[in-house]
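Everything numeric in this text was worked out from a predicted model, so none of it was measured.
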Amino acid sequence: MNQPIQDHAVSRRIERGFFQRDPLTCSRELIGCTLAWKHCAGIIVETEAYSTINDEASHTFVRPSARAFVAKHRPGAAYVYFNYGVHWMLNVLVKGGSEDGFVLFRAIEPTRGLHLMTRRRFPESAPAIRPIQALCSGPGKLAAALGVDSRDHGRDLCRGGSIGFFLPEQPASVVADVRIGISKAAHLPWRFLAAGSPFVSVKPRPAVS
DNA sequence: ACACGGATACTA
DNA sequence: AGTATCCGTGTC
């Protein structure tokens, strides 16, 4: 259990240049990649894109502090914030392409550190059979399972070590859908999911034909 | 359907 | 200071 990242995976580590592109491209291409976070890891199965350009749902639209964050950090920096007084949200800054913005991580398929993630998510519970599909099936769940909090705000996710992103053996099949849980600019199809994955927060609505 | 709960950025 | 808003989850 808790095996370190394999050598072949290390060679597939995503470098900073990956995040020097626009939010939509990064959000789409991160689907199927592995997010490694210390002793835990999972396959990214759901993301959302937020842009600093004409996106009312982005923090940068109304928060000077978010705009300052974009200005001060390099692409690949973690943007972490507390929402609804309850949950931490993990984003990564993308910067230097046609548009700057963020990718919000909404769900991963857990692959490593399952016991640790389960303990973090259900600290008071006795060991019980939990549906693994629901362990990281939402941005708040994901951050809680990985132990993400304010200390990770601004962290460089491209420095190597036990935290980082890794390309899959082969590209995933990706589906696009509208973003979830937002009150503004909710019609934009900027949510990306691994096709058919049971580990997502909300299944995509069927495509209209 | 609803309670839970804090950071941020307003108004004054 | 007080108020409005917010990219959610679990339980009712």
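With distances taken from any side-chain atom of A:K184 to the nucleotides C:dC7, C:dC6, B:dT8, the minimum falls on C:dC6.
Taken to the nearest 0.5 Å, the CG atom of A:L30 stands 5.5 Å off from the CD1 atom of A:I14. How far CG of A:D156 is from CZ of A:R159: 5.5 Å, rounded to the nearest 0.5 Å. Atom SG of A:C136 and atom CZ of A:F105 lie 13.0 Å apart (nearest 0.5 Å). Here the straight-line distance linking atom CZ of A:R21 with atom CD of A:E29 works out to 4.0 Å at 0.5 Å rounding. Rounded to the nearest 0.5 angstrom, A:F166 CZ and A:T34 OG1 are separated by 8.0 Å.
Atom OH in A:Y84 sits about 11 Å away from atom C1' in C:dT9, given to the nearest Å. Whole-Å rounding puts the A:N83 CG to B:dA9 P distance at 14 Å. Spacing between atom CG of A:N91 and atom P of C:dG8 amounts to 11 Å, rounded to whole angstrom units. The distance from atom CG of A:L135 to atom P of C:dT9 is 12 Å, rounded to the nearest whole Å. B:dA7 atom C1' lies 11 Å from atom NE2 of A:H153, rounded to whole Å. Protein atom CG of A:D149 is 15 Å distant from nucleotide atom P of B:dG6, rounded to whole Å. Remark: C1' of C:dG8 and CG of A:L104 are 11 Å apart, rounded to the nearest angstrom. Nucleotide C:dT9 holds its C1' atom 16 Å from the CH2 atom of A:W88, rounded to whole Å.
Of the residues in residues 138-148 of chain A, those with a non-hydrogen atom less than 4.0 angstrom from any atom of DNA chain C are A:G138, A:P139, A:G140, A:K141. At a non-hydrogen distance threshold of 4.0 Å, A:Y50, A:A57, A:S58, A:H59 from residues 48-60 of chain A come into contact with DNA chain C.
Looking at heavy-atom distances under 4.0 Å, A:F102 makes no contact with the nucleic acid at all. In this structure, A:R121 reaches the sugar-phosphate backbone alone: every heavy-atom distance under 4.0 Å involves primed, P, OP1 or OP2 atoms, never a base. Contacts of A:R106 with the nucleic acid, taken as non-hydrogen atoms under 4.0 Å apart, involve only primed sugar atoms and P, OP1 or OP2.
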Donor-acceptor list for residues 176-186 of chain A side chains, cut-off 3.5 Å, not counting sequence neighbours:
{"from": "A:D177", "atom 1": "OD1", "to": "A:R205", "atom 2": "NE", "distance (Å)": "3.3"}
{"from": "A:D177", "atom 1": "OD2", "to": "A:R191", "atom 2": "NH2", "distance (Å)": "3.1"}
{"from": "A:D177", "atom 1": "OD2", "to": "A:R205", "atom 2": "N", "distance (Å)": "3.0"}
{"from": "A:R179", "atom 1": "NH1", "to": "A:A49", "atom 2": "O", "distance (Å)": "2.9"}
{"from": "A:R179", "atom 1": "NH1", "to": "A:D55", "atom 2": "OD2", "distance (Å)": "2.9"}
{"from": "A:R179", "atom 1": "NH2", "to": "A:D55", "atom 2": "OD1", "distance (Å)": "2.9"}
{"from": "A:R179", "atom 1": "NH2", "to": "A:A185", "atom 2": "O", "distance (Å)": "3.0"}

Anything under 3.5 Å between a donor and an acceptor, one on a side chain of residues 75-93 of chain A, the other on a protein residue two or more places apart or in another chain? List them.
{"from": "A:Y79", "atom 1": "OH", "to": "A:H59", "atom 2": "ND1", "distance (Å)": "2.8"}
{"from": "A:N91", "atom 1": "ND2", "to": "A:Y79", "atom 2": "O", "distance (Å)": "3.2"}

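Here A:Y50 and A:F61 keep their ring centres 6.0 angstrom or further from each other.
By the side chain to side chain donor-acceptor pair (under 3.5 Å) test, A:R74 pairs with no residue at all, sequence neighbours left out.
In terms of phosphate contacts, A:S201 brings no side-chain nitrogen or oxygen within less than 4.0 Å of OP1 or OP2 of C:dG8. Within the structure, every side-chain polar atom (N or O) of A:S183 is placed at least 4.0 Å from both OP1 and OP2 of C:dT5.
Side-chain contact, A:T60 with A:R67: no donor N or O sits under 3.5 Å from an acceptor N or O. Donor-acceptor pairing under 3.5 Å is lacking for the side chains of A:E48 and A:S27.
Per the stacking criterion (ring centres < 5.5 Å, plane angle < 30°), A:F82 does not stack onto the base of B:dA7.
In this structure, A:R16 is not positioned above the aromatic face of A:F19 in the sense of NZ or CZ being under 6.0 Å from the six-membered ring centre and within 45° of the axis.
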Pairs counted as Watson-Crick or G-U wobble with both distances under 3.5 Å: what dot-bracket string results for DNA chain B, using | for bases tied to another strand? ||||.||||||.
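In this model, no side-chain donor or acceptor of A:Y81 finds a partner on the base of C:dC6 within 3.5 Å.
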